[in-house]
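In listed order, ligands and their atoms are each counted from 1.
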Amino acid sequence: MKPAVIIIDMLDDFVTGALANPRAQRIIPRIAELAAAARERGWPVVYANDAHLPGDFEERVWGPHALAGTPGARVIAELAPREGDLELPKRVYSAFHETGLDAYLRQHGVDTVILCGQHTNICVRHTAADALYRGYRIIVPPDAVEAFSDEDHESGLAYLDMAYRAELTPVAQVLGAVPAG
Ligand code: ZN
């Protein structure tokens with residue numbers, strides 16, 4: 001298994017800004033652990049960051065958020081990218097859509113994506129769909145993704161299992177601190 005950690009939309013606007021979500025605080029330490037372990041093990045760490053242009057279609061749903069080049073579109077300080085990490089701007093939910101992510105992962109021999117960040121039932125879900133279509137094994141640690149409500153989070157996880165057979169494995173088990181199973 002050669003995994004990559006894909007950190008989705010852990011941006012100022014998604015944590016404390018335009019689309020603030022206090023629930024996101026819970027997952028920050030888990031994502032930090034994942035990213036640190038990945039760097040140690042030579043797994044790629046990729047940040048898939050909303051970087052919208054004014055008038056992007058998504059504004060119909062959410063209003064303006066994470067506009068490219070603004071402070072709201074920055075990765076939160078607690079999870080700031082390190083040297084060697086990759087930041088990919090995206091303009092729709094999926095981290096794969098017109099970002100070059102697939103080519104980057106293949107270039108690095110990646111066969112497994114570990115998806116974390118926000119939101120369980122939106123961008124994580126759409127990224128998982130695109131990962132399935134491209135043949136990746138999909139791991140989504142439930143303690144490293146969040147949504148705007150318990151219901152959105154839980155139904156999002158159930159959908160990831162049902163539609164994509166995503167492995168819902170907690171971070172500690174993914175990293176081998178606890179025996180799997
Ligand atoms: Zn967006």
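Within the sub-2.8 Å shell of the Zn ion (ligand 1), the protein contributes these N/O/S atoms: D50 OD2, H52 NE2, E58 OE1, H65 NE2.
Side chains of D152 and H119: no donor on one and acceptor on the other come within 3.5 Å.
With respect to I139, the side-chain contact (heavy atoms from CB on, under 4.5 Å) criterion is satisfied by exactly one of I114, V113, V5: I114. Partner L79 forms a side-chain contact (heavy atoms from CB on, under 4.5 Å) with one of I31, L34, L11, V45 and no other, that one being I31.
The distance from the CD1 atom of I8 to the OG1 atom of T120 is 10.0 Å, given to the nearest 0.5 Å.
When all heavy atoms are compared, the tightest approach of Y164 to A128 is CD1-CB, 3.6 Å.
Here the two rings, on F96 and H126, have centers that are 6.0 Å apart or farther.
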